[in-house]
Structures are given as C-alpha cells and as structure tokens.
2 protein chains.
Amino acid sequence: MIETQEKILATAERLFGEQGYAATSLRHIIAEAGVNLAAIHYHFGSKEDLLDQLVMRRAAPVNTERLAMLDRLEAEPGGPPSVEKVLEAFLEPPFRRISEFPDLIKLMGRLYGEGLMTVIGEKHFHNVAIRFLAALGRALPHLSQAELRLRGQLVLGAMSHTMFYVPVSGSKASVDGAVLLRELIVFLSGGLRAPAVLPERIEEK
Amino acid sequence: MIETQEKILATAERLFGEQGYAATSLRHIIAEAGVNLAAIHYHFGSKEDLLDQLVMRRAAPVNTERLAMLDRLEAEPGGPPSVEKVLEAFLEPPFRRISEFPDLIKLMGRLYGEGLMTVIGEKHFHNVAIRFLAALGRALPHLSQAELRLRGQLVLGAMSHTMFYVPVSGSKASVDGAVLLRELIVFLSGGLRAPAVLPERIEEK
DNA sequence: GTCTATACTGAGATAGAC
DNA sequence: GTCTATCTCAGTATAGAC
C-alpha cells in the first residue's frame, strides 16, 4: 500500500512530539500505525532517517516561506530591514503553524536538546541560517561577526526552548502562537540591539 | 570499594557530557571505569538515578551560591537590585565553572532538550526558580506575572542553549566563560527590559 | 515493488551466588 | 559489596512470500 508510508509518518510525528525521539520505539509506532516493523526500514532506512524525512516534510515549506519573506523585505527601499522585521520573517512561518502542527513544533524544539538538530540542521537549515545572519548583521552594524554569531545562537536557544516548553494548546496556561511570536520578537530584538560587549575579534577557526 | 562509586560518577560525568545521556550506555561506562555492570544499579539504582546524583553533586553548590548572591543583593539598600545584578547572581556561579567542569556544563545544557531537566529540575531547582523570578519581577514592574514567566523561560532557553552549543574549550572558535557570561547578561537584560506586549492577564491554570 | 516473519546484537534491569 | 547469569525490549538486517 502507498498508505503505509503516510500512516508511519503521521503516527511517528505524533508520538515523537508527545514523548520525544529517543523515548519512542519503532515497535510502538508500528503498533499504533498497524504496519509491520520492517516496513519502516523498507520505506525510510532507519529510525534517524524517518525522523529526518518527517521533519523536513514540514520544515521545507517553512524555510521556503522564510526566505521569500526575507527576499521581500530586502527588496523594499529605505535601507536594510529592521531587526524586528528580520526576526518576524524567521519566526512567523513556524509559529503560525503551532495550532495546526503542535506536536511537530514541539518535536522541533526537542530536537535541539536531543542533539539531533545538529545533524538535521546542518543538512537542511544551513542556507537559511546564512541568509538570516547576514540580514541581522546589516540591521546591527555595531556587532562584530563573532558577537553576531553568538547572539544568533541565543536567538535559536530562546526559540527552540519556547517551542518545546511553553504550553501552547495544553492543559494549563495555554498561550496563543501569535502571542508567543510577538513576545519573542520584542524580547529578542531587545537583546540583539543591546550594546556590544566583545571589543575585539574572537579567535577564529 | 568506596572508590567504585567515585569511579562511576567521574566516568559517567565525562561520557554523558561528551556524548549525551541517551547515547551513552551503562556498558560503555563500566568498561572505561573498570567496574561491574551491576555495581551501577547497586550504588545508584538506575541509569536515571545515576544522572540525577551526578548532576546534583555539581549543581547543589551552584544553587547555594546563587541564593547567597541574591540574598546579598537584596540586603543592599537602595531599592530592589537591577535586572543585570539578578541575572549575574543566577548566571555567574555556573559559568565560572565552565573551565573546571566543561563536560558537566555541556551536559546540563543538553538535559533541557533531552526532556530530563523537567524531571530533575522540578525536584531540585524549583525554589531557586521561584526566588529569582520574584527578584526579576521587582526589577521589572512593567511586566505582568504571565509575561514575566514567559520571559523567564526565554532566559532559560538562551542559557541552556549556550551551555550546550557554544564551543567553550573545544577545537574551533573557543569562547571564554567570562565572555559568555557578559554576553548573556547584556543580551538577556536587553530582552527583559523590552516593553510589555501582553496587555492583560493570560488565562491561568 | 511491498510487505511479513524471524533472527541478531546490544541496551537497561534484576535475582541470586559468593 | 561484588559479580555472573539471565530477562525483556530496543534498533537493525535479511530471506522470502505476495
């Protein structure tokens, strides 16, 4: 069946989001999906490859949107776009999807800490990171390259932690995705605009 | 031997920090420590309990220092301590130890994403979080309780991501712990001081 | 091309001998 | 306190049925 792949993807997406990648066994996935264990390896190769395809199925359109929004911003006259605009182009596409794919968003947040985002991220997000870091640099000329990269990591940290930890549609204090987005943009642009503290260049490579 | 416990703790601390908790097997630990597999379960109960004890052995003095620094700040005359001072009391104790325990610091950063900090954190860090959130609230009277908690999460996200990702004594662009500390304080206080965006109270509980 | 049955290796955990 | 043997369950690999 061609539906086997889809059943595996949908079930794995849900279980990974609910329990995390490491805590979810392939046998749990196949039990809930009603497929055979070997079907996963036939269609996806390995557990890690399943995760990769699962993440990229949702993340690819997000990255396309991010770059399109950045393109539009940079085509506007009046100098380089502001920090807030750049952050919005980066954060709005994922956070708009929180209500539609809450488990997937939470999973993405998890992956940073599970150390898996290093692998997946390097493969699929590198060009996005380059583009946005450059745009941030033009909006923040007072920062050196080294300090800009450092602060870019802080942005990623706050973003991924938000995706994972903040209850978005859960039981307790649920927070709207749009509210989270505004909060992140205000907080992070405040941090990015702070004065430079690295007076000179950090040792490179 | 009483040294068995210590050998296990030291080896596990190193391996967990290098490879992460999930990726490190007990059999790998015992091989490098030169002890028997069952010794881990005898002395620590389980892999997760080993992690717990290992983390708290280093984190307990850090938390004691944090609270002592906060006590001193709040005893000073002249109104509530500034955001920067509160952040320094929270961040300086762990970041000062980066050169001494780089693996442990990296491990702590990992744990947030591996979902294990929720368990360990709730048990051992709750009182610290309460105290520092209250101190931040007094320094930031323009924020509602809900927005304060939200921004507190962003602080934790940036901090843990920094502990995990930023190369501190590694191969590439190594960054000094003191530099990271200053960068974090400047960035996070800039974010925390940003204007409020939640006009009213968020649905509670 | 798809899927199933089964086996292999390595994981954490535990009971019991010493 | 320590160690051997063993249990269950994980991810993976493959032979072969449809």
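Chain identifiers are assigned alphabetically (A, B, ...) following the order of the sequence lines, protein sequences preceding nucleic acid strands; residue numbering begins at 1 within each chain.
Residues passing the side chain to side chain donor-acceptor pair (under 3.5 Å) test with B:D71, sequence neighbours excluded: B:R131. By the side chain to side chain contact (heavy atoms under 4.5 Å, CB included) test, A:L133 pairs with A:L148, A:R149, sequence neighbours left out. Residues that satisfy the side chain to side chain contact (heavy atoms under 4.5 Å, CB included) test with B:S189, not counting sequence neighbours, are B:V83, B:E84, B:L87.
Taking side-chain N and O atoms only, B:N36 has a distance below 4.0 Å to OP1 or OP2 of D:dT4. Contact between the side-chain N/O atoms of A:Y42 and the OP1/OP2 oxygens of C:dC3 is not found at any separation under 4.0 Å.
One atom, CD1 of A:I40, and another, C1' of C:dT4, lie 14 Å apart when rounded to the nearest Å. Regarding A:H43, its NE2 atom lies at a distance of 6 Å from the C1' atom of C:dT2, rounded to whole Å. Summarising the geometry, the separation between NZ on A:K7 and P on C:dT2 is reported as 15 Å, rounded to the nearest angstrom. In this structure, A:I29 places its CD1 atom 11 Å from P of D:dA10, rounding to the nearest Å.
Here salt bridge (charged side-chain N to carboxylate O under 4.0 Å, His left out) pairs that include residues 55-69 of chain B, with residues two or more places apart or in two chains, are B:E6-B:R57, B:E13-B:R57, B:E13-B:R58, B:E65-B:R96, B:E65-B:R97. Residue pairs meeting the salt bridge (charged side-chain N to carboxylate O under 4.0 Å, His left out) criterion with at least one member in residues 17-28 of chain B, sequence neighbours excluded: B:R14-B:E18.
For the pair A:K85 and A:F90, the cation-pi criterion (under 6.0 Å, within 45° of the ring axis) is not fulfilled.
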Protein-to-nucleotide contact annotation, 5' to 3' order, nucleotides 11-18 of chain C [B base; S sugar-phosphate only; - none; under 4.0 Å, heavy atom]: BBBB----

